[in-house]
Amino acid sequence: MTPPEPVFNVLADNLAEKGWAVTDDLFSTDFLYALLQEEILLFKDGQFKQAGIGKGAEHKVVSEIRSDYVHWLDEEQLSELQQQFWQQMQEFKQFLNREFFLGLKDVEFHFAVYPEGSFYKKHLDRFQRDSGRTISCVLYLNKDWQAGDGGQLRIFNKETYVDVNPVFGRFVCFKSDEIEHEVLPTKKERYSITGWMKN
Ligand code: OGA
Ligand code: MN
C-alpha cells in the first residue's frame, strides 16, 4: 500500500483544527473485505475477550460501561493483512511526527466486535495513570451499514456532538486526551479495528 499523502494531509489539518478527523479513502475495498474476513474468522474461533477499562492492576471488565470484545494484535506475530494495516498506521504516525513534532513512538491496535445491543459509554481514551495514548484511531468494517443500525461514534465538542456512522472503510482519528466520545448501542454486530499512537 502506498501512503496516500493527500489523505494524511487532510486528516492532519482537521486534527489540528478541531481535534478529530475522518476519511473514507485510506484503504482499498479489497483490503477492507479481506481484513473483515480475518476479523470474523478470529471472532468465530473464540480469539476475542470481553474488553475492560483501566490499565495493569486496575484493569477490569465493567459491562455497564462497555460491552465489546477485543483481540489485540501482536506486533511479533502479525498476519500479512495486519502487517499491511500496521505499516499504513506507521506511515501515518511518521507523517504526524513530521507535521507536528508529536514524538509518537509505539502503536497498539485491537480488533473490536460489538455484539448486538453493546455500547461504550462516554469516556476519554487516556488512562488516568498512563499518559501514553496520544492519537486514537478507528477503522470501521461494517458492510451495508444502514441508518437505524446504531453503533455510531458520538464525538463531543463542548455542548454539542457529532455522530459518525461506522460505515465500511471509514477511518476516524482524534486526540486521545481531549476528545470525549462514546459508542451508541448497536443494533447489529459491529466490526472495527481500534488503536492508539503513543508517546
Ligand atoms: C474505544 C472506542 C470507538 C469506536 O475503543 O476506546 O472509543 O467507534 N472506540 O469503536
Ligand atoms: Mn475510546
Side-chain angles (χ1 to χ4, degrees), residues 11 14-15 18-24 26-27 32 35-36 39-40 42-43 47-56 58-73 82 85-86 89 92 104 106-143 145-157 161-198:
L11 290 172
N14 281 293
L15 264 177
K18 51 184 184 152
W20 65 278
V22 57
T23 181
D24 292 344
L26 207 47
F27 297 97
L32 293 162
L35 196 63
L36 173 62
E39 175 166 18
I40 290 173
L42 286 165
F43 189 60
Q47 310 247 7
F48 278 59
K49 286 201 181 102
Q50 207 179 343
I53 54 172
K55 197 180 154 82
E58 285 165 24
H59 178 93
K60 52 183 185 288
V61 170
V62 186
S63 46
E64 303 79 42
I65 296 178
R66 71 184 293 191
S67 45
D68 58 322
Y69 288 76
V70 299
H71 172 93
W72 283 97
L73 304 194
Q82 292 169 11
F85 175 79
W86 199 273
M89 291 298 100
F92 185 41
L104 299 167
D106 296 338
V107 302
E108 57 181 9
F109 281 92
H110 63 55
F111 282 117
V113 174
Y114 284 71
E116 193 184 327
S118 57
F119 53 82
Y120 194 161
K121 292 275 172 67
K122 187 173 173 181
H123 65 281
L124 271 180
D125 281 348
R126 184 169 278 203
F127 295 122
Q128 269 153 8
R129 285 163 192 272
D130 174 280
S131 60
R133 290 180 170 181
T134 303
I135 303 290
S136 304
C137 302
V138 194
L139 173 66
Y140 299 108
L141 298 172
N142 303 297
K143 276 188 302 173
W145 185 93
Q146 312 267 329
D149 287 346
Q152 296 94 335
L153 171 67
R154 178 163 287 180
I155 294 175
F156 292 90
N157 177 13
Y161 59 78
V162 177
D163 287 343
V164 177
N165 296 329
V167 303
F168 195 65
R170 182 159 291 170
F171 177 84
V172 182
C173 55
F174 52 89
K175 292 185 183 168
S176 308
D177 58 339
E178 279 181 23
I179 300 290
E180 286 192 294
H181 58 282
E182 86 175 274
V183 178
L184 301 181
T186 185
K187 294 176 186 151
K188 249 170 84 174
E189 201 149 82
R190 175 191 194 266
Y191 299 95
S192 57
I193 181 163
T194 305
W196 295 272
M197 297 176 182
K198 312 204 296 181

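FYI, the numbering just counts along the sequence from 1. Atoms within each ligand, like the ligands themselves, are counted from 1 in listed order. As the structure is a prediction and not an experimental result, all values here were calculated from the model.
- Every residue meeting the ring-ring contact (aromatic ring centres under 6.0 Å, His included) condition with Tyr120, not counting sequence neighbours, appears here in chain and number order: His123.
- Across all non-hydrogen atoms, the minimal contact from Pro115 to Ser67 is CD-O, 3.7 Å.
- For the residue pair Trp145/Asn165, the side-chain donor-acceptor check at 3.5 Å is not satisfied.
- Remark: Asp24 engages Arg170 in a salt bridge (Lys or Arg N to Asp or Glu O under 4.0 Å) (not counting sequence neighbours).
- For the Mn ion (ligand 2), protein N, O or S atoms closer than 2.8 Å were enumerated as His123 NE2, Asp125 OD1, His181 NE2, with waters left out.
- The distance from the CZ atom of Arg190 to the CG atom of Asn142 is 6.5 Å, given to the nearest 0.5 Å.
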Please produce the table of protein N or O atoms sitting under 3.5 Å from N or O atoms belonging to ligand 1, one pair a line, distance to 0.1 Å.
from	atom 1	to	atom 2	distance (Å)
ligand 1	6 (O)	His123	NE2	3.2
ligand 1	6 (O)	Asp125	OD1	3.1
ligand 1	7 (O)	His123	NE2	3.2
ligand 1	7 (O)	His181	NE2	2.9
ligand 1	8 (O)	Tyr140	OH	2.6
ligand 1	8 (O)	Arg190	NH2	2.8
ligand 1	10 (O)	Arg190	NH1	2.9

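- The residue from Phe85, Trp72, Phe48 that alone fulfils the ring pair (Phe, Tyr, Trp, His ring centres under 6.0 Å) condition with His110 is Trp72.
- Here the side chains of Leu124 and Lys122 are not in contact, with every heavy-atom distance at 4.5 Å or above.
- Summarising the geometry, atom NZ belonging to Lys198 is positioned 14.0 Å from atom CD1 belonging to Ile135; distances are rounded to the nearest 0.5 Å.
- Minimum heavy-atom separation, Leu184 to Phe119: C-CB, 4.3 Å.
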